[in-house]
Number of protein chains: 2
Amino acid sequence: MWGRQPVQDECVMTTETMTIRQMCDAFGVTARTLRFYEAKELLFPQRHGTRRLFTRQDRARLTLVLRGKRFGFSLEDIRQLLDMYDRDGSNAAQLTRTFQLAEARLHQMEAQRTELDVAIAELKSEMDKTATLLAGFRRAAE
Amino acid sequence: MWGRQPVQDECVMTTETMTIRQMCDAFGVTARTLRFYEAKELLFPQRHGTRRLFTRQDRARLTLVLRGKRFGFSLEDIRQLLDMYDRDGSNAAQLTRTFQLAEARLHQMEAQRTELDVAIAELKSEMDKTATLLAGFRRAAE
DNA sequence: AGCGTGCTTTACCTTAACGTAAATGTAACG
DNA sequence: CGTTACATTTACGTTAAGGTAAAGCACGCT
């Protein structure tokens with residue numbers, strides 16, 4: 001009735017590779033997002049003809065990308081962090097550079113945490129004032 | 001509405017009004033920012049000829065704007081809060097609304113901090129791995 | 001052969017909070 | 001009067017993370 005999904009006889013769900021739509025469904029992102037991430041060198045899907053085939057590695061990377069995004073990091077930050085997870089450039093110089101990148105990121109994150117703590121404390125203080133005012137109003141209303 | 005200021009023909013340096021540059025120095029913002037905030041109806045400086053003169057109210061409002069920004073509110077959110085306050089800041093219903101907005105924002109910020117803590121822990125863990133690898137390389141290099 | 005559907009690329013659109021540049025104005029100093 | 005030092009308006013530029021539209025392949029089915 002509706003167009004049935006073309007059943008791939010040979011490439012049966014080995015979970016080896018996934019089409020773009022399978023990725024969208026699996027991760028809850030749009031196709032545009034996956035293509036965008038490829039353009040930004042966050043993912044490196046293979047091609048079968050013109051079609052993208054996302055590998056196990058792409059899925060692992062995408063998981064990390066989405067986690068990083070939840071933490072509020074930019075895609076560029078994430079790309080650099082992914083290079084750290086990919087310690088395939090296993091020479092000491094590369095690892096050292098990677099480590100330094102991570103260290104810088106860590107400092108940024110800790111600074112961000114400190115700022116967030118300050119902001120939270122300030123906001124709480126402001127809310128206390130407002131709450132006090134409100135309490136006064138409610139007493140006056142009786 | 002809140003108090004009119006004395007007409008000043010001579011440019012006496014009262015603390016009543018400030019030029020744009022005095023404002024920049026006092027608040028650590030650029031002139032572009034002040035003009036932008038005026039365009040966005042966050043500030044309402046008077047004019048002396050073509051020049052802006054920022055009043056005590058403007059300074060109070062700018063203080064609130066900058067505080068709101070530290071809390072992560074958008075300028076549009078801030079404008080609405082300021083407008084509410086202007087219309088009838090001493091209205092219990094509006095104070096309640098303000099409080100609720102602040103509460104929601106506080107929850108967001110606390111959630112953000114929790115996630116940030118997780119991310120920091122994970123990153124530290126990855127850095128440990130990298131450091132261990134590096135130590136191995138350095139031993140091998142001797 | 002035709003149809004429907006999915007995938008592809010190319011390319012312009014969006015939002016926030018300003019930055020930056022150009023052209024012009026004006027006020028004070030010397 | 002000229003120069004200097006700000007001030008003003010207008011208007012286009014920037015960045016991030018995609019959205020959206022257009023138009024063309026590439027199939028599998030009938």
Side-chain angles (χ1 to χ4, degrees), chain A residues 1-12 17-54 58 61-62 64-82 108, chain B residues 8-13 17-54 58 61-62 64-82 105:
Chain A
M1 195 171 215
W2 326 96
R4 212 54 281 229
Q5 204 88 0
V7 181
Q8 304 175 353
D9 44 355
E10 209 60 38
C11 193
V12 181
T17 64
M18 287 169 68
T19 70
I20 202 169
R21 193 111 318 268
Q22 288 173 324
M23 289 289 284
C24 293
D25 295 345
F27 288 91
V29 298
T30 69
R32 177 66 175 95
T33 295
L34 293 174
R35 297 189 190 108
F36 182 73
Y37 288 174
E38 183 186 7
K40 290 284 174 181
E41 302 189 289
L42 292 165
L43 303 176
F44 305 95
Q46 301 176 333
R47 295 301 177 110
H48 179 64
T50 80
R51 277 85 189 280
R52 288 169 178 82
L53 287 180
F54 294 85
D58 290 315
R61 292 176 72 93
L62 180 54
L64 295 175
V65 169
L66 296 180
R67 182 188 302 162
K69 267 175 56 69
R70 283 206 318 279
F71 298 156
F73 300 122
S74 72
L75 292 185
E76 175 55 21
D77 289 341
I78 292 170
R79 195 185 59 76
Q80 291 177 14
L81 285 174
L82 278 179
Q108 282 179 33
Chain B
Q8 50 178 49
D9 353 323
E10 293 298 306
C11 196
V12 184
M13 243 299 281
T17 63
M18 288 168 67
T19 71
I20 201 168
R21 193 111 319 266
Q22 289 173 324
M23 288 290 282
C24 292
D25 294 346
F27 288 91
V29 298
T30 68
R32 177 68 175 93
T33 296
L34 294 174
R35 297 190 190 106
F36 182 72
Y37 288 174
E38 183 186 6
K40 290 283 173 181
E41 302 189 292
L42 291 165
L43 303 176
F44 305 95
Q46 301 179 328
R47 296 301 177 109
H48 179 63
T50 80
R51 274 81 188 280
R52 288 168 178 81
L53 287 180
F54 294 85
D58 290 315
R61 291 176 72 92
L62 181 55
L64 294 175
V65 170
L66 297 180
R67 182 183 299 160
K69 269 174 58 71
R70 280 205 311 283
F71 296 159
F73 289 109
S74 72
L75 292 185
E76 176 56 22
D77 288 343
I78 294 171
R79 192 186 61 77
Q80 288 177 17
L81 286 174
L82 285 177
R105 183 66 198 137

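Letters A, B, ... mirror the listed sequences (proteins, then strands); counts begin at 1. Please read these numbers as outputs of a predicted model, since none were measured by experiment.
Looking at B:Leu81 and B:Leu64, their side chains never come closer than 4.5 Å, going by heavy atoms from C-beta outward. Contact annotation: the side chain of A:Lys69 approaches that of A:Ile78 to within less than 4.5 Å [non-hydrogen atoms, C-beta and beyond]. Side-chain contact between A:Leu34 and A:Asp58: absent, with no pair of heavy atoms (C-beta onward) separated by less than 4.5 Å.
In this structure, the CZ atom of B:Arg51 is 11 Å from the P atom of D:dT9, given to the nearest Å. Rounded to an integer number of Å, the gap from A:Asp25 CG to C:dG6 C1' is 13 Å. Rounded to an integer number of Å, the gap from B:Phe54 CZ to D:dA7 C1' is 11 Å. As rounded to whole Å, 7 Å separates atom P of D:dA17 from atom CD1 of A:Ile78. Rounding to whole angstrom units, CD1 of residue B:Ile20 and P of D:dA5 are separated by 19 Å.
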Could you write nucleotides 9-23 of chain C as a row of B, S and -, 5' to 3', where a protein heavy atom under 4.0 Å of any base atom gives B, of only sugar-phosphate atoms gives S, and otherwise -?
-> B-B-----BBBB---
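Between B:Cys24 and B:Val29, the shortest heavy-atom contact is CB-O, 3.1 Å.
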Apply the test salt bridge (charged side-chain N to carboxylate O under 4.0 Å, His left out) to residues A:Glu76 and A:Arg79: give CA-CA distance (whole Å), side-chain angles for both, the deciding distance (0.1 Å), then the verdict.
-> CA-CA 5 Å; A:Glu76 175 55 21; A:Arg79 195 185 59 76; 3.0 Å; yes
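Put simply, A:Arg21 has a side-chain N or O that comes within less than 4.0 Å of OP1 or OP2 on C:dC7.
Here the CD1 atom belonging to A:Ile20 is positioned 11.0 Å from the CG atom belonging to A:Asp25, to the nearest 0.5 angstrom.
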